[in-house]
*Asks:* 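My structure is below; once you've seen it, I'll send some questions.
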Amino acid sequence: MRSDYCGVLRSADIDRIVTLCGWVDRRRDHGGVIFIDLRDREGIVQVVFDPDAAEHFELADRVRSEYVLKVTGRVRARAAEALNPNMATGEVEVYGTELEILNSAETVPFQLDEHIEVGEDVRLKYRYLDLRRNEMQHNLRFRSRLTTAIRNYLDTHEFLDIETPILTRATPEGARDYLVPSRTHEGKFFALPQSPQLFKQLLMVSGFDRYYQIAKCFRDEDLRADRQPEFTQIDIETSFLGEEEIMSITEGMVRTLFKTLKGVELGTFPRITHYQAMLRYGSDKPDLRIPLEMVEIKDLMTEVEFKVFSGPARDPKGRVAAIRVPGGCDRLTRKQLDDYGKFVGIYGAKGLAYIKVNARADLENGLQSPIVKFLPVETRAAILDRLQAQDGDLIFFGADKARIVSEALGALRCKLGQDLNLYTSEWAPLWVVAFPMFEENEDGSLTALHHPFTAPSCTPEELEQNPLGALSRAYDMVLNGTELGGGSLRIHDQVMQQVVFRTLGISEAEQREKFGFLLDALKYGAPPHGGLAFGLDRLVMLMTGSDSIRDVIAFPKTQSAACVMTDAPGTVDARQLRELNIRLRQKEESIR
Ligand code: ASP
């Protein structure tokens with residue numbers, strides 16, 4: 001139908017006769033001449049119809065926003081006063097000679113160029129219209145270019161693209177499963193994969209050596225701002241490579257993507273252990289664009305009379321830490337300090353103590369703070385020394401259970417970075433390594449920090465003796481405070497795998513029932529293997545500078561895991577349920 005895309009026409013096309021197809025972005029009537037901004041996926045070009053075009057002019061007069069048109073005309077230079085430097089096609093216009101209305105359109109429910117004022121619900125209900133907007137077109141095109149670049153990179157490095165099942169058994173990644181009832185096996189269910197983890201490991205047992213897949217994953221969890229119930233991973237697994245090699249190949253991939261798609265040189269990614277990350281940044285995904293660090297002062301507080309500090313300082317599970325904000329005295333208002341006090345409350349902190357260092361040398365009167373009177377002068381001096389405080393600095397304190405202090409001050413650090421615009425670079429990638437194998441639940445039971453197939457750095461005996469002290473051979477890639485991806489070397493030894501299951505409290509019978517196929521496979525010559533998975537949606541979000549993950553997914557779910565456009569999830573009719581041998585429990589109200 002068409003000879004050219006609208007958005008690509010330039011001065012070089014002047015005098016060409018072109019046929020364009022697209023949507024009416026805007027139509028203006030300038031005293032007998034009609035201007036139509038015609039839009040397609042490549043952009044917008046101005047088309048002009050004057051009365052010389054006879055019946056086509058009449059038609060042009062009838063078109064309205066979002067009508068679909070086919071236009072033929074000659075590309076011509078715009079008059080000097082009509083040049084539009086803000087438009088890629090702003091030096092030219094198309095002098096229309098023929099017009100065909102391919103379809104009309106009702107008035108659209110929202111202006112396509114003013115989405116900011118439009119609620120997201122409306123945008124998602126009419127997603128097919130929302131996707132016509134420039135920003136969304138750009139994001140999805142970027143995403144497509146990105147996945148092509150990923151495939152190219154992995155293909156060059158001899159990875160094979162292999163699909164794994166969507167209808168499967170539970171694949172534990174720590175979330176709830178989406179279940180699919182089986183019609184042919186009464187009372188039984190498939191689970192949608194939380195990740196292709198076990199299948200990719202089995203592919204290594206099969207000898208494929210390097211696998212990748214751009215894979216849909218499903219996790220039924222309470223949604224947070226950057227989560228979706230179904231999302232996409234760049235899933236990777238390799239055999240016979242150690243951590244170093246796996247990190248090097250995948251770091252190379254991300255570096256290449258940034259270079260080719262954004263012209264950004266990321267350089268070599270620094271590495272930090274999980275322990276150091278928690279200690280210095282209170283987070284296992286630290287945002288290294290922010291130069292603030294947490295400093296441990298637990299040892300300085302054990303003997304002070306101030307119980308708020310000495311209590312956690314004496315508690316083996318407690319933590320007392322501080323963050324120094326250089327020049328913070330002048331940069332933060334009283335109101336902000338109060339707000340930060342409330343902010344850390346979200347993370348369970350009971351308050352936020354601070355000291356304003358007005359005059360560092362004057363330990364009696366130079367420190368302004370509600371708490372300073374509770375601290376002996378020597379302790380004040382020791383704190384200021386440890387934090388290398390200078391006049392004008394503001395110091396925040398956290399004292400509580402270690403988890404609360406790390407989370408609260410870690411989040412405060414990021415908030416300060418944002419509020420005071422402390423960023424020292426645009427991109428800050430890093431690897432976090434040497435994670436603990438397990439974390440302890442309130443009831444004393446253990447959970448795998450990554451997943452139960454992650455190899456520990458110790459022997460099975462050591463693991464059993466001291467599971468909480470064991471480290472794993474896992475690694476996470478972090479960018480600007482967001483976890484981009486994570487993975488590990490895997491357990492390829494059946495005995496070790498059973499020790500880990502046992503440590504997690506999974507009985508022999510349950511091991512067989514749920515993971516028998518894996519335990520069997522490990523007996524038949526499983527090679528040493530490892531890999532990782534990147535969150536594709538998050539990567540696109542970061543690279544396009546989008547605020548929300550939903551802005552880089554064509555048809556995302558809402559925060560409550562629903563699709564307002566198709567109205568999914570929906571009810572099903574009684575016959576379907578009967579076929580599936582499912583009877584819905586009656587709601588309590590109707591029973592009463
Ligand atoms: N399957 C893991 C995940 O989804 C990634 C990996 O270990 O490769 O987080």
Side-chain angles (χ1 to χ4, degrees), residues 150 154 159-166 168-178 191-205 208-221 224 226-239 241-243 245-247 249-251 253-254 274 284-285 431-439 447-457 471-479 482-492 497 500 504 514-515 518 526-539 549:
I150 290 166
L154 292 172
F159 283 79
L160 303 175
D161 177 5
I162 304 177
E163 287 167 81
T164 53
I166 294 292
T168 176
R169 277 197 82 114
T171 43
E173 297 280 0
R176 281 194 201 92
D177 289 319
Y178 273 100
L192 304 183
Q194 293 188 30
S195 83
Q197 184 62 36
L198 294 176
F199 289 103
K200 68 175 174 174
Q201 290 190 230
L202 295 177
L203 288 171
M204 295 305 108
V205 178
F208 287 101
D209 197 72
R210 288 184 180 206
Y211 140 97
Y212 87 96
Q213 183 182 192
I214 298 190
K216 269 289 174 84
C217 302
F218 306 85
R219 297 185 190 175
D220 183 5
E221 42 191 353
R224 282 183 252 145
D226 65 344
R227 296 275 170 100
Q228 279 282 305
E230 67 176 290
F231 59 99
T232 309
Q233 282 189 345
I234 309 159
D235 195 41
I236 290 174
E237 195 73 9
T238 66
S239 298
L241 298 182
E243 292 97 317
E245 293 156 304
I246 296 172
M247 285 196 268
I249 293 177
T250 51
E251 180 177 321
M253 180 179 91
V254 173
H274 176 264
D284 57 4
K285 40 181 189 301
W431 287 102
V432 180
V433 297
F435 285 80
M437 270 298 278
F438 305 107
E439 56 189 351
T447 307
L449 209 73
H450 274 87
H451 48 59
F453 318 105
T454 305
S457 313
L471 295 180
S472 71
R473 301 180 76 177
Y475 32 78
D476 273 6
M477 189 191 283
V478 176
L479 180 64
T482 298
E483 184 194 324
L484 265 194
S488 58
L489 291 196
R490 324 297 184 188
I491 297 168
H492 67 283
Q497 187 62 72
V500 170
L504 289 169
K514 287 189 173 151
F515 306 113
L518 174 72
H529 61 286
L532 88 177
F534 290 100
L536 176 67
D537 311 291
R538 281 191 203 168
L539 182 61
I549 205 164

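Atoms within each ligand, like the ligands themselves, are counted from 1 in listed order.
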*Asks:* Among all residues two or more places apart in sequence or in another chain, which pass the salt bridge (Lys or Arg N to Asp or Glu O under 4.0 Å) test with E251?
*Replies:* R255

*Asks:* Between the side chain of Q194 and the main-chain N/O of E173, is any donor-acceptor distance below 3.5 Å?
*Replies:* yes

*Asks:* So do the side chains of L203 and E237 get within less than 4.5 Å of each other, counting heavy atoms only?
*Replies:* no

*Asks:* Taking the six-membered ring for Trp, are F159 and Y212 parallel (under 30°), tilted (30 to 60°) or perpendicular (over 60°)?
*Replies:* perpendicular

*Asks:* For ligand 1, list every N/O pair with the protein closer than 3.5 Å, one pair per line with the distance.
*Replies:*
| from | atom 1 | to | atom 2 | distance (Å) |
| --- | --- | --- | --- | --- |
| ligand 1 | 1 (N) | E173 | OE2 | 2.6 |
| ligand 1 | 1 (N) | S195 | OG | 3.2 |
| ligand 1 | 1 (N) | Q197 | OE1 | 2.6 |
| ligand 1 | 4 (O) | E173 | OE2 | 3.4 |
| ligand 1 | 4 (O) | R219 | NH2 | 2.9 |
| ligand 1 | 4 (O) | Q233 | NE2 | 2.9 |
| ligand 1 | 7 (O) | Q197 | OE1 | 3.3 |
| ligand 1 | 7 (O) | H451 | NE2 | 2.9 |
| ligand 1 | 7 (O) | R490 | NH1 | 2.8 |
| ligand 1 | 7 (O) | R490 | NH2 | 3.4 |
| ligand 1 | 8 (O) | K200 | NZ | 2.7 |
| ligand 1 | 8 (O) | R490 | NH2 | 2.7 |

*Asks:* Just by distance, no angles: are the side chains of Q233 and S195 close enough, under 3.5 Å, to form a donor-acceptor pair?
*Replies:* no

*Asks:* Using a strict cut-off of less than 4.0 Å between a Lys/Arg side-chain nitrogen and an Asp/Glu carboxylate oxygen, indicate whether R473 and E243 qualify as a salt bridge.
*Replies:* yes

